[in-house]
S.K.: 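Sharing a structure with you now.
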Protein chains: 2
Amino acid sequence: MDLTPRQAEILDFIVRHLAERGAPPTRAEIVTAFGFRSPTAAEDHLRALARKGAIELRAGTSRGIRVLDAALPGAAGEAANEPIPDGIPLVGRVAAGMPMLATESVEAHYKLDRTLFHPAPDFLLRVQGWSMRDAGILPGDLLAVKRTPIAENGQIVVARIGDEVTVKRFERRGAIVRLLAANPDFAPMRIDLEREELVIEGRAVGLIRDGGFSLA
Amino acid sequence: MDLTPRQAEILDFIVRHLAERGAPPTRAEIVTAFGFRSPTAAEDHLRALARKGAIELRAGTSRGIRVLDAALPGAAGEAANEPIPDGIPLVGRVAAGMPMLATESVEAHYKLDRTLFHPAPDFLLRVQGWSMRDAGILPGDLLAVKRTPIAENGQIVVARIGDEVTVKRFERRGAIVRLLAANPDFAPMRIDLEREELVIEGRAVGLIRDGGFSLA
DNA sequence: TTGTCGGCTGTATAAAAACACAGTCTTTTC
DNA sequence: GAAAAGACTGTGTTTTTATACAGCCGACAA
């Protein structure tokens with residue numbers, strides 16, 4: 001990584017700011033903290049830190065600075081040698097027409113033990129709504145998804161119909177696909193493959209839930 | 001503190017946002033996450049949370065939301081800065097009288113991103129049986145557990161009664177504790193603390209499921 | 001019945017913040 | 001000895017973001 005002393009100071013300030021005030025600093029805050037006279041000084045430092053992998057910058061986002069684990073004190077030895085995969089991406093809102101793993105829609109990366117899921121997932125997707133309740137898939141859960149365009153009957157898939165991404169149980173009979181919810185309150189979706197387009201984005205291979213045990 | 005369910009959802013979202021993206025959300029981000037049509041909805045919720053002491057708002061500051069420790073589950077707060085252990089142990093068969101984390105009963109270690117669960121869990125436990133079905137906890141799931149001897153009403157706990165380890169929703173009224181299943185087929189367990197011994201091993205803070213989406 | 005609270009919609013607007021462009025002056029590094 | 005990196009100054013412009021104002025509706029308490 002190899003930061004210059006000045007860059008280390010800036011990074012240190014960001015980490016302290018985060019701990020003390022609960023959010024990363026803005027360019028302006030860096031400017032006043034260091035007595036700069038131009039926002040570009042802060043901007044340049046941030047770019048340098050991002051380039052060196054100490055932080056991640058989110059374009060167009062206020063306080064869009066993310067301190068990467070590798071930069072945190074206590075980070076294990078220099079990762080320079082080992083090609084550590086940088087984790088499984090959490091895919092956020094998926095824009096119309098955009099491929100699922102477009103970088104713009106990746107909200108975070110999680111380092112997960114690969115042996116946890118079988119097969120290894122390609123991305124995580126946050127579940128919205130109660131439609132898969134009876135399959136133990138609740139809103140807020142992260143669904144681990146293996147990318148694959150093929151699905152077999154009975155599998156839980158991530159499908160896309162036009163702009164809408166949905167998680168459902170897959171069932172195909174000839175040219176008619178039915179996407180079944182695991183909740184009697186939701187009607188099955190019926191897609192005629194000869195008329196409508198259905199894209200299978202992948203298959204659910206696992207699930208992660210953080211807390212959220214508030215509801216029965 | 002006493003938040004309404006909706007307020008708790010908002011707070012939960014803020015905490016998750018903070019963990020996933022490294023900064024608190026803006027009003028606009030809350031709006032899109034919850035599907036509101038007006039920024040005021042988010043504003044009002046933030047004001048309510050601030051009034052109730054769950055968060056602190058910094059006027060005129062973007063993402064000026066600070067989650068107060070008192071609001072964090074387990075109030076463990078510093079989870080993000082803890083040294084990385086060599087993984088979270090998966091506790092297997094628990095022998096009678098043995099402490100939960102006895103090395104003999106540890107079956108595996110999984111390396112997990114610490115920002116995935118709040119607070120950070122101390123061990124994983126394989127769920128047996130369908131008694132928590134309606135809470136989205138299915139047999140075979142790995143329950144992430146934070147060790148703590150205290151539980152609050154409504155929380156899902158890992159409890160031990162004699163030799164038996166069980167996962168249930170906790171409810172205490174005076175000296176009477178009821179352990180409630182999330183499945184009408186299972187009767188609540190009733191424990192009189194003055195007569196029987198009940199050990200709370202910890203609180204459920206998350207869940208991991210590998211595949212197992214075979215049942216509806 | 002008249003509040004007050006919770007949970008919203010809808011419209012504005014001022015301030016905060018990101019970030020581009022154009023330079024200057026060192027210090028490294030090839 | 002020239003190019004590249006580092007550490008800045010100075011001046012905008014465009015988005016984001018916070019937040020005010022004016023309501024609506026249902027629940028619940030005095």
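Throughout, protein chains are lettered first and strands after them, A, B, ... in sequence-line order, and every chain is numbered starting at 1.
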S.K.: What is the distance, rounded to the nearest whole Å, between atom CD1 of I10(A) and atom C1' of dA7(D)?
M.R.: 10 Å

S.K.: How many whole angstroms separate atom CG of L49(B) from atom C1' of dC5(C)?
M.R.: 14 Å

S.K.: Is R47(A) near enough to dC8(D) that one of its side-chain N or O atoms lies under 4.0 angstrom from OP1 or OP2?
M.R.: no

S.K.: Distance only, no hydrogens: is a donor on one side chain within 3.5 Å (strictly under) of an acceptor on the other, for K168(A) and T166(A)?
M.R.: yes

S.K.: Looking at R169(B) and G154(B), would you say the former's side chain and the latter's main chain have a donor-acceptor pair under 3.5 Å?
M.R.: yes

S.K.: Think R6(B) has a side-chain N or O under 4.0 angstrom from the OP1 or OP2 of dG6(C)?
M.R.: no

S.K.: Side-chain N or O of H45(A) less than 4.0 angstrom from OP1 or OP2 on dG6(D)?
M.R.: no

S.K.: How bent is the helix from dT1(C)-dA30(D) to dC30(C)-dG1(D), measuring the angle between the end axes built from five pairs each, rounded to 10°?
M.R.: 40°

S.K.: Closest approach of L18(B) and P24(B), non-hydrogen atoms and distance?
M.R.: CD1-N, 3.4 Å

S.K.: Quick one: are I65(B) and L57(B) in side-chain contact, heavy atoms under 4.5 Å?
M.R.: yes

S.K.: Would you kindly give the CG-to-P distance between L11(A) and dA7(D), to the nearest whole Å?
M.R.: 13 Å

S.K.: Does anything in residues 31-39 of chain A come within less than 4.0 Å of DNA chain D? Heavy atoms only, and list the residues if so.
M.R.: F36(A), R37(A), S38(A), P39(A)

S.K.: Atom CG of D44(B) to atom P of dC21(D): distance rounded to whole Å?
M.R.: 13 Å

S.K.: Please report, rounded to the nearest Å, how far the C1' atom of dA4(D) is from the CZ atom of R51(A).
M.R.: 10 Å

S.K.: Yes or no on side-chain contact (heavy atoms from CB on, under 4.5 Å) for L179(A) and F170(A), after CA distance, side-chain angles and deciding distance?
M.R.: CA-CA 5 Å; L179(A) 297 178; F170(A) 182 85; 4.2 Å; yes

S.K.: Is the side chain of T40(B) donor-acceptor paired with the backbone N or O of S38(B) at a distance under 3.5 Å, no angle test?
M.R.: no

S.K.: Rounded to the nearest angstrom, tell me the gap between atom CD in Q7(B) and atom C1' in dC5(C).
M.R.: 10 Å

S.K.: If you only use heavy atoms from C-beta on, which nucleotide in dT9(D), dT9(C), dA18(C) is closest to the side chain of A41(B)?
M.R.: dT9(C)

S.K.: Check the distance between dA17(C)'s P and R63(B)'s CZ and give it to me in whole angstrom.
M.R.: 11 Å

S.K.: Less than 4.0 angstrom between a side-chain N/O of K52(A) and OP1 or OP2 of dA5(D), yes or no?
M.R.: no

S.K.: In whole angstroms, how far is the C1' atom of dA20(D) from the CZ atom of R27(B)?
M.R.: 12 Å

S.K.: Does S62(A) put a side-chain nitrogen or oxygen below 4.0 Å from OP1 or OP2 of dT17(D)?
M.R.: yes

S.K.: Is any side-chain N or O of T4(A) closer than 4.0 Å to OP1 or OP2 of dA7(D)?
M.R.: yes

S.K.: Do K52(B) and L3(B) touch side chain to side chain, with heavy atoms closer than 4.5 Å?
M.R.: yes

